[in-house]
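Okay, so here's the structure we're looking at.
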Amino acid sequence: MIRFLWRGLVRDRARSLFPTLVVLAGVALTVVMHGYLRGTESDLVRANAAFGGGHVSVMSRAYAAEADLVPNDLALLGADSLLATLGRESPAYLWSARIRFGGLVDVPDAAGETRTQAPVAGLAVDLLDPASPEHEILAPGRALVRGRLPAARGEALLSEDLAQRLDVAPGQTVTIIGTTMYGSLTTANFRVVGTLRFGVTAVDRGAMLLDLADARAALDMAGGAGVLIGFARDGQYRQAEAAALAARFNAARAGDPDPFAPVMSTLREHAGLGQTLDLAATVSGALIALFVLVMSVVLWNAGLMASLRRYGEFGLRLAIGEEKGHLYGSLLAEALMIGLLGSVLGTGLGLLIAWLLQERGLDISPLLRSASMLISDRLRARITPASWLIGFLPGLAATFLGAAISGVGIFRRQTARLSKELET
Amino acid sequence: MTAEPLIETRDLVKTYPVGGGDLIALDRVSLRVAAGEFAGIVGPSGSGKTTFLNIVGSLDTPTRGSARVLGERVETLGHRRAAALRNRHIGFIFQTFNLLPVYTVFENVEFPLLLLGLPAAERRRRVMAALERVGLADRARSRPDQLSGGQSQRVAISRAVVKDPALVLADEPTANLDAANSHQVLHTMVRLNRELGTTFLFSTHDEKVIGYLRRRITLVDGAVAADEVVTPTHGENGEAAP
Ligand SMILES: Nc1ncnc2c1ncn2[C@@H]1O[C@H](COP(=O)(O)OP(=O)(O)O)[C@@H](O)[C@H]1O
Ligand SMILES: [Mg+2]
């Protein structure tokens, strides 16, 4: 009997192939959608970790209180020994000192007069040491568009977009006008040796990258750093681990009354990122739920239509003497098989597309021209453990329920009405 | 003849709620059909023929009155027992959509035997014998869409009789057939009635079918207007009631 029903299912493409393809498409869409939303979320984390404050960051208490303003007058001093301590105590993280500063970049003409000026978001990290962890965290080498990385003091990098706007080519010297740690105006000359594009619009719009030692000298911050960042060596942000690390670090200094004592915070605590991440998680969770719901309704309906189409067949089978329960059971078994097959294949296809999006990404920079959030302009999916299962909700559960509910009609309707539908 | 009739209905009423009131599809139908009969319910479209056949075949339940079929009270039969009654003792032949299109001729005829749980060898023997009877053994592997209308109806007959039922209910079996095919199909049924003693109850308004009947029950607006024993004008000569 089971073989008999199976043969019928396989031969009737409208009953097997078509529904399976519908389920497959719905499930694949769900998986890709899920991967895309999770990818956007993880991109937000990645961009903020690399260009913001790492997975954890250490600042002076005073600096941390006003971190948004980049108050270099409140920066940490003796940063290098603290950096060494952190490296020893938490070897699972890469540690690096950074200085952020705001200023103007002044481009001189041939006569040495100002040709053009622009505000610049400066970032200074250790660029000259080949062993610098920033080669991994910030990875300017991968973002290089023109020229080369700095190899000596006095060399700097400009974002490609800014360089184009200012009409600056590698080799040209520019002047930075900024404020020292002690509040006085300062200028320093740098030779631009290369240009960068990170693929994060908010950074690419106007960044200048200097070597840490140069920035210290220019801003009068000997041994200082705005922030020491910790970046998990595997690149993955784990909130609980980061929070534990910060709690341990801060507990050891709880008794210290010094307002300039170092304090550690996690990525979630940086610049309201926690709320942003929560919002992103909520929004993407809601979108995923909505999408699963819509897909469920679609597949449910497909299951419904598939059985309505077959009322003639059901009437005949009942007339021949098949028991209603048996008929219903065979309907459910079919839906289960189609749902399972479609879900498995759809999840496979969805994972493949999500994987391609994860590895290659999709350029969305035109959409982000005015974005200030640190978010990558490459749309990337991320495959999570849930990606493997999410498609089964609409694919299997909804298909099955659709068949189950439409099949109730078999019981509800008078047998005679089912067979009456045989008449024309 | 005082043997218990195969079918016995008493004041059978079937109404359908339509618009404001009730449509009376069957109006106090009391009939007896004995084993071995070759009888037909005759009447214009909408006179209640199909409704009557469906109640007798336990596909439907009456609004009032009783119907006893093969010793079972149809109006109180649960759907399980009704299915068992149909499966073991009643064969249906409809006007259209008689065959499951995705299955071969063999598989269509085999289906009732699968429901009965017969072993494969027994099923094969019976299916081939039933196809033999309607002259379609050589089409066992064909699909329904490869058959003519007459051949399809003969396969349906073969499926109806493969389980050796006591009763075959045929609802307008020739409505979609041309004259030649109609006569061939009817000949087959007359022969099975004679050879196997199977009771045939038709619903029809086709003159060709009426010519084969030995009993003609006329329904008008759901009520029995006439019930006559007639001499067939067609069919094999010399056939007598068993
Ligand atoms: N399910 C139903 N609901 C409402 N009216 C019905 C239903 N089935 C049959 N009828 C009505 O009952 C009457 C008898 O129908 P039917 O038994 O099919 O007649 P016949 O088979 O003689 O053409 C018709 O008027 C038909 O419209
Ligand atoms: Mg009818």
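Atom set for the values below is all heavy atoms of this structure, side chains included, hydrogens, waters and symmetry mates excluded. Note on naming: letters A, B, ... go to the chains in the order of the sequence lines (proteins, then strands), and numbering restarts at 1 for each one.
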What part of [X] lies closer than 4.5 angstrom to a heavy atom of chain A: side chain, backbone, both or neither?
{"X": "B:Tyr103", "result": "both"}
{"X": "B:Arg159", "result": "side chain"}
{"X": "B:Arg143", "result": "side chain"}
{"X": "B:Leu169", "result": "neither"}

Among residues 3-24 of chain A, those lying within the under-4.5 Å heavy-atom range of chain B are A:Phe4, A:Leu5, A:Arg7, A:Gly8, A:Arg11, A:Asp12, A:Arg15
Taking everything shown except [X] itself, do over 12 heavy atoms lie less than 6.0 Å from its [atom1]?
{"X": "B:Arg81", "atom1": "CZ", "answer": "no"}
{"X": "B:Asp178", "atom1": "CG", "answer": "yes"}
{"X": "A:Arg238", "atom1": "CZ", "answer": "yes"}
{"X": "B:Arg139", "atom1": "CZ", "answer": "yes"}
{"X": "A:Phe392", "atom1": "CZ", "answer": "yes"}

Here the pair of heavy atoms bringing A:Met1 nearest to B:Leu115 is CE-CD2, 4.0 Å
Scanning both residues in full, the closest heavy-atom pair of B:Arg86 with A:Ala319 reads CD-O, 3.5 Å
Please report the interatomic distance [atom1]([X]) to [atom2]([Y]), rounded to the nearest 0.5 Å.
{"X": "A:Glu323", "Y": "B:Asn87", "atom1": "CD", "atom2": "CG", "value": "10.5 Å"}
{"X": "A:Ile320", "Y": "B:Asn108", "atom1": "CD1", "atom2": "CG", "value": "7.0 Å"}
{"X": "B:Phe111", "Y": "A:Glu322", "atom1": "CZ", "atom2": "CD", "value": "4.0 Å"}

